[in-house]
Amino acid sequence: GGAVLGAGTSAAADADNLPPNIPEWMKAPGEPMGSQPYGTPSPFGKNVVKNISPNLKQYISASGRTPLQELDGIITPNGLFYERHHGGVPTIDPAQHRLMLHGLVERPLVFTMDDLRRFPSESHIYFLECSGNPVYTKPYGKTASDLVGLLSCAEWTGVSLKLVLQEAGLKPEAKWVVAEGADAAALTRSIPIEKCLDDAMLVYSQNGERLRPQQGYPVRLLLPGFEGNMNVKWLRRLHVTAEPIYSREETSKYTDLMPDGSAREFSFYMEAKSIITRPSGGQRLTTKGFQEITGIAWSGHGKIARVEVSVDGGKSWQDAQLQEPVLTRALTRFRLPWRWDGQPAVIQSRAIDETGYVQPTLAELLAVRGENHFYHNNAIWPWRIAADGEVTNAQA
Amino acid sequence: GGAVLGAGTSAAADADNLPPNIPEWMKAPGEPMGSQPYGTPSPFGKNVVKNISPNLKQYISASGRTPLQELDGIITPNGLFYERHHGGVPTIDPAQHRLMLHGLVERPLVFTMDDLRRFPSESHIYFLECSGNPVYTKPYGKTASDLVGLLSCAEWTGVSLKLVLQEAGLKPEAKWVVAEGADAAALTRSIPIEKCLDDAMLVYSQNGERLRPQQGYPVRLLLPGFEGNMNVKWLRRLHVTAEPIYSREETSKYTDLMPDGSAREFSFYMEAKSIITRPSGGQRLTTKGFQEITGIAWSGHGKIARVEVSVDGGKSWQDAQLQEPVLTRALTRFRLPWRWDGQPAVIQSRAIDETGYVQPTLAELLAVRGENHFYHNNAIWPWRIAADGEVTNAQA
Amino acid sequence: QSPYGIGRPATPAEIAGWNIDIGRDGSNLPEGRGTVSHGREVFDQQCAACHGEKGEGGVGDRLVGGQGTLGTAKPIRTVGSYCPYATTLFDYIRRAMPQNAPQSLSNDDVYAVSAYLLSLNGLVGADGTLDAKSLAAIKMPNRDGFVGDARPDVK
Amino acid sequence: QSPYGIGRPATPAEIAGWNIDIGRDGSNLPEGRGTVSHGREVFDQQCAACHGEKGEGGVGDRLVGGQGTLGTAKPIRTVGSYCPYATTLFDYIRRAMPQNAPQSLSNDDVYAVSAYLLSLNGLVGADGTLDAKSLAAIKMPNRDGFVGDARPDVK
Ligand code: HEC
Ligand code: HEC
Ligand SMILES: [Ca+2]
Ligand SMILES: [Ca+2]
Ligand SMILES: [Ca+2]
Ligand SMILES: [Ca+2]
Ligand SMILES: [Ca+2]
Ligand SMILES: [Ca+2]
Ligand SMILES: [Co+2]
Ligand SMILES: [Co+2]
């Protein structure tokens with residue numbers, strides 16, 4: 001048999017450990033209980049780490065990507081959750097962290113972390129995606145992670161922001177909530193009050209355990225379906241206002257330049273998107289015959305309704321199977337059985353969400369938005385399979 | 001405000017970092033991108049690790065517990081997944097690992113890991129629980145983890161065992177499949193063929209990434225709802241047979257001694273169970289007033305239908321809210337709003353599953369099974385809250 | 001009246017210490033003032049290493065030029081060409097710059113270095129001074145360059 | 001005929017090397033034999049450190065005694081009192097013991113040490129020998145002590 005080989009698959013086998021021989025790891029006891037009070041991946045998986053460019057201009061305001069093509073299912077393990085920060089990752093003592101809620105409220109309040117954990121809690125599986133994922137212009141990335149690795153998904157636990165706001169009492173003029181992080185960038189974004197009173201959360205846990213420092217420990221904002229940057233990490237302050245604050249991150253950055261020189265502001269939602277993660281760029285098919293095509297789809301506007309896959313360069317499309325349960329604003333894993341005939345092929349997926357929106361092609365997006373748009377690129381991304389099984393980016 | 005304090009909550013705050021002062025972590029850049037290619041928890045969470053007794057007889061055949069009272073939601077992060085092994089944790093090179101499938105099959109086969117990953121895949125969130133969780137006799141544990149911490153839940157990805165068996169072709173006499181691990185215990189359990197052709201999986205991923213060594217890297221058996229020991233880790237061999245192999249782990253261990261000296265064998269399913277994790281033993285209520293009561297429920301027989309909570313020592317019961325979606329054979333998080341009046345109280349939960357089965361009391365179980373039963377204790381576990389807020393095991 | 005009775009009142013002093021948000025109308029700008037020439041000194045000492053001698057960019061963003069390029073094939077987005085409000089410049093420098101020591105500048109210095117950057121962009125005179133009132137009064141070139149979210153924009 | 005065409009045939013030699021499962025009827029017991037007295041030597045050298053001089057237990061399980069105790073308040077579960085099949089003893093020792101070097105004993109030594117442990121439990125004579133046939137013929141005291149899963153058992 002053969003397989004889709006990832007970059008890090010180990011070398012040929014040492015026959016000593018193969019049948020009929022007894023492998024060496026059965027002939028002596030393994031690591032005793034407690035050798036890892038907090039477990040880590042196998043040393044044979046050491047290549048599966050965040051995808052961080054070695055050529056960044058600087059590493060304080062930078063990003064690290066989830067190795068999507070190495071992952072299965074819909075949950076991103078916390079150690080591989082994507083990172084984007086603008087002032088590095090602060091080391092915050094939760095006992096000394098405070099959340100201040102002030103502005104257009106009846107009773108400005110200060111909360112400790114213990115306070116926040118006393119509120120009624122809720123948990124949801126939601127994706128989180130950076131809006132610049134990927135850019136519109138060449139050079140395009142080689143792997144699924146290079147392209148859309150600023151994307152992860154976790155079960156978040158925290159308190160509904162609505163409950164916290166009600167605790168302070170909103171004044172009628174309250175229309176926006178300005179959220180500020182306790183990092184060196186004091187990162188600031190304005191959130192419309194409708195979102196704050198809908199499904200917004202203050203979260204303190206991620207996949208069961210407390211947030212990782214890279215994801216906002218001890219508390220972050222979580223705005224399901226909104227661009228990653230707005231989900232302010234290390235949250236220290238909520239300022240209830242009548243209008244947005246026009247912070248640097250919602251003017252200079254995270255606005256979308258149009259060909260005519262105007263720019264879209266407050267473009268919050270991440271539109272429907274999908275990508276095939278296996279087989280995908282950087283991998284190799286080592287055999288003809290059965291290969292499962294699998295990938296992930298997501299939409300900031302709700303549930304994924306359908307994912308279509310083409311294996312003939314976009315001429316025809318088939319419905320992929322969606323992993324149940326399909327959750328709103330979570331990654332949705334799709335799968336399609338396929339038999340590779342050994343001929344060159346171009347494979348791609350397109351997502352349709354519950355609003356009926358269909359993931360567009362890159363050409364369609366470029367025609368409307370131009371090459372300088374930068375954010376919110378949700379294009380279909382095709383992979384080319386060569387006769388020798390190599391998989392590469394078909395747009396590159 | 002006050003809170004439910006866990007054991008590790010940090011000391012009083014250093015006023016330098018409190019409002020109106022600017023906390024020190026905003027005045028200099030934090031850790032740069034890439035300082036953790038694989039992320040780890042905050043140093044302030046270093047107390048949240050597996051619960052491993054420092055007084056074990058030996059650490060090769062031993063167990064380590066998930067700190068359930070520190071966790072939220074239903075997903076257990078991989079680093080805190082409970083461990084039980086009988087020959088230590090082997091370090092297996094996946095390129096040298098083989099799965100052999102033989103016995104009552106048409107075509108005995110050998111699979112590489114790449115082969116197993118080529119099959120159609122599926123992902124499900126399932127709990128896994130050790131059958132000896134907890135024992136029936138004193139001394140009982142102090143915390144939720146001490147009691148039922150041999151319990152975790154993850155999103156598993158792998159191939160349906162049915163597909164793999166079909167690849168070899170089952171002979172009509174095939175009634176059991178003997179699974180063997182590639183560890184120093186060559187751990188062996190017999191699985192009825194019905195389960196193997198139903199929802200059994202061979203899994204290679206756990207919460208998106210490859211299995212941890214402690215959970216069976218590179219491949220394990222996953223039998224939803226069956227006692228943990230049967231979910232053979234480091235799986236190397238599947239022997240299709242006409243009857244069980246009566247391995248040491250299904251005769252000497254993992255059988256249930258009755259008061260009359262007989263013992264139940266092949267008692268596979270984990271029955272419905274629940275526990276309140278907050279407030280729970282070892283924690284402390286620091287204030288009267290609103291406190292959420294939350295915990296987890298699960299059943300090897302399917303979905304949790306209802307969880308009832310009593311805050312008056314079992315006199316009256318109220319329905320808790322279940323976290324959606326409720327998934328079959330997964331942990332189900334339940335929550336109940338509560339106001340503590342500052343008086344001593346005994347709180348407890350009981351699970352009802354979709355079969356209508358009601359979680360019993362310890363007394364009810366002991367009356368039938370006696371104190372020497374050892375496995376499959378799914379009793380209701382009450383916590384006592386003292387006037388000063390301390391929470392302790394009400395059975396201890 | 002608080003449904004859960006969680007949290008404690010924030011005092012006016014606490015709020016004043018933490019609330020560094022500047023409204024686009026200049027609301028919440030602090031007292032103080034700074035000249036272009038003092039701003040040049042601050043910039044040379046604390047900013048130029050990352051942003052270049054004349055704000056042409058380096059490890060940090062380019063801060064000067066680009067007016068008139070936004071609709072071209074090679075748009076240059078800077079504080080001068082792209083940023084709609086001068087208050088944003090003040091707010092951001094005060095909260096996040098210099099990157100190696102955020103929130104270390106005095107309000108006077110933030111006014112000064114803002115004035116200097118605006119002067120490099122031709123928006124404040126070379127001998128200008130900025131305070132709350134004059135900063136709020138600046139009309140940035142791209143003030144009216146923003147539109148709302150027009151998505152879904154591909155059908 | 002394989003629906004997916006995945007995997008390669010397992011050869012008889014490969015299967016023989018890996019298939020160490022012993023059926024309760026003795027099927028797949030290997031050739032070889034061992035005496036109680038040689039078993040005592042093996043045990044003293046390779047097992048007693050963990051299981052005690054006479055199998056009374058230590059870091060490893062107690063291996064001797066307990067017959068007649070299963071229905072009492074203090075049941076003692078050992079190979080002798082609890083284990084339903086002698087084949088299980090052979091199977092387990094061969095696959096997992098000695099714990100520090102599993103699968104290191106010769107088949108003869110596994111027969112021998114099994115014979116010794118069974119003799120300590122009064123199930124093989126002091127001068128006995130075990131091979132495939134005689135081991136399979138042993139009827140363990142608790143052979144009929146097991147019942148099926150009677151749950152749900154609490155209503
Ligand atoms: C150690 C390097 C460094 C120093 C020193 C520094 N900066 Fe920056 N600056 C940066 C980086 C990097 C960014 C981009 C940050 C980001 O995108 O998250 C930036 C961004 C900016 C921006 C936003 C530009 C835009 O278009 O969004 C302004 C304005 C700015 N700096 C002004 C200053 C001033 C004024 C000083 C000195 C008082 C200063 N910087 C000192 C590195 C530095
Ligand atoms: C380094 C310690 C060690 C040595 C040496 C050792 N054992 Fe063990 N043995 C154990 C432990 C620990 C267990 C329990 C393992 C478990 O429960 O997973 C055990 C279990 C057993 C059992 C199962 C008992 C039951 O009731 O289930 C048998 C039989 C056994 N050993 C026989 C032997 C024999 C025979 C040898 C020598 C050839 C041997 N052991 C050497 C530690 C050891
Ligand atoms: Ca070797
Ligand atoms: Ca945007
Ligand atoms: Ca090639
Ligand atoms: Ca201090
Ligand atoms: Ca059992
Ligand atoms: Ca007390
Ligand atoms: Co000065
Ligand atoms: Co010998």
Side-chain angles (χ1 to χ4, degrees), chain A residues 1 3 10 13-14 17 19 25-26 29-34 37-39 42 44-45 49-50 52 59-60 62 64 71-73 75-79 87-90 92-96 98 114-115 117-118 120 123 155 157 182 184 186 205 207-210 212-214 217 292 323 325 337, chain B residues 1 3 10 13-14 17 19 23 25-26 29-34 37-39 42 44-45 49-50 52 59-60 62 64 71-73 75-79 87-90 92-96 98 114-115 117-118 120 123 155 157 182 184 205 207-210 212-214 217 292 323 325 337:
Chain A
S10 357
D14 180 339
N17 292 321
W25 42 82
M26 297 184 77
E31 294 296 312
M33 179 58 55
Y38 190 93
S42 164
F44 291 97
V49 291
K50 291 179 199 173
I52 299 165
Y59 289 79
I60 298 298
L71 301 188
D72 296 299
I75 296 289
T76 309
N78 291 340
V89 180
I92 299 179
D93 179 349
Q96 301 191 53
R98 294 294 180 274
D114 288 339
D115 290 337
R117 284 186 65 83
R118 236 181 96 205
S123 305
E155 185 195 35
T157 301
S205 286
N207 291 335
E209 67 189 348
R210 298 300 186 278
R212 294 292 173 86
Q214 296 86 351
Y217 182 87
E292 181 176 78
Q323 178 180 319
Chain B
S10 0
D14 179 340
N17 292 321
W25 41 81
M26 298 184 77
E31 295 295 311
M33 179 57 54
Y38 191 94
S42 163
F44 291 97
V49 290
K50 291 179 198 174
I52 299 166
Y59 289 78
I60 298 296
L71 300 187
D72 296 299
I75 296 289
T76 309
N78 290 341
V89 180
I92 299 180
D93 179 351
Q96 301 191 54
R98 295 292 181 273
D114 287 339
D115 290 337
R117 284 187 65 83
R118 236 181 95 205
S123 305
E155 186 196 33
T157 301
S205 286
N207 292 333
E209 66 189 349
R210 299 297 186 279
R212 294 293 172 84
Q214 295 86 354
Y217 181 88
E292 180 177 77
Q323 178 180 318

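Sequence lines set the chain letters: A, B, ... in the order given, protein chains first and strands last, and positions in each chain run from 1.
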Can a donor-acceptor pair be found between the side chains of A:Asp72 and B:Thr157 at a distance below 3.5 Å?
no
Has the side chain of B:Glu31 got a donor or acceptor atom that lies under 3.5 Å from a matching backbone atom of A:Val89?
no
From the list A:Pro32, A:Pro90, A:Pro120, A:Gly87, the residue making the most non-hydrogen contacts under 4.5 Å with chain B is A:Pro120
Closest approach of A:Ala186 to B:Met26 (non-hydrogen atoms, all atoms of both residues):
CB-CE, 3.6 Å
Stepwise side-chain contact (heavy atoms from CB on, under 4.5 Å) check, B:Glu155 with A:Gln323:
CA-CA 12 Å; B:Glu155 186 196 33; A:Gln323 178 180 319; 2.8 Å; yes
Inter-residue atom distance A:Phe44.CZ - B:Ile92.CD1, 0.5 Å rounding
9.5 Å
How long is the gap from CD1 on A:Ile75 to OG on B:Ser205, to the nearest 0.5 Å?
13.0 Å
Residues that B:Pro29 engages under side-chain contact (heavy atoms from CB on, under 4.5 Å), provided they are two or more places apart
A:Ile60
Residue pair B:Gly208 / A:Pro77: nearest heavy atoms and the distance that separates them
CA-CD, 4.3 Å
Kindly give the heavy-atom pair with the smallest separation between B:Arg98 and A:Pro19, and that separation in Å.
CG-CD, 3.8 Å
How long is the straight-line distance from CE of A:Met33 back to NZ of B:Lys50, given to the nearest 0.5 Å?
7.5 Å
For B:Ser42 and A:Tyr217, work out which heavy atoms get closest and say how close.
OG-CE2, 3.2 Å
Contacting region of B:Ile52 [heavy-atom separation from chain A under 4.5 Å]
side chain
side-chain hydrogen bond (donor to acceptor under 3.5 Å, both in side chains) partners for B:Arg212, two or more places apart:
B:Tyr38, B:Glu209
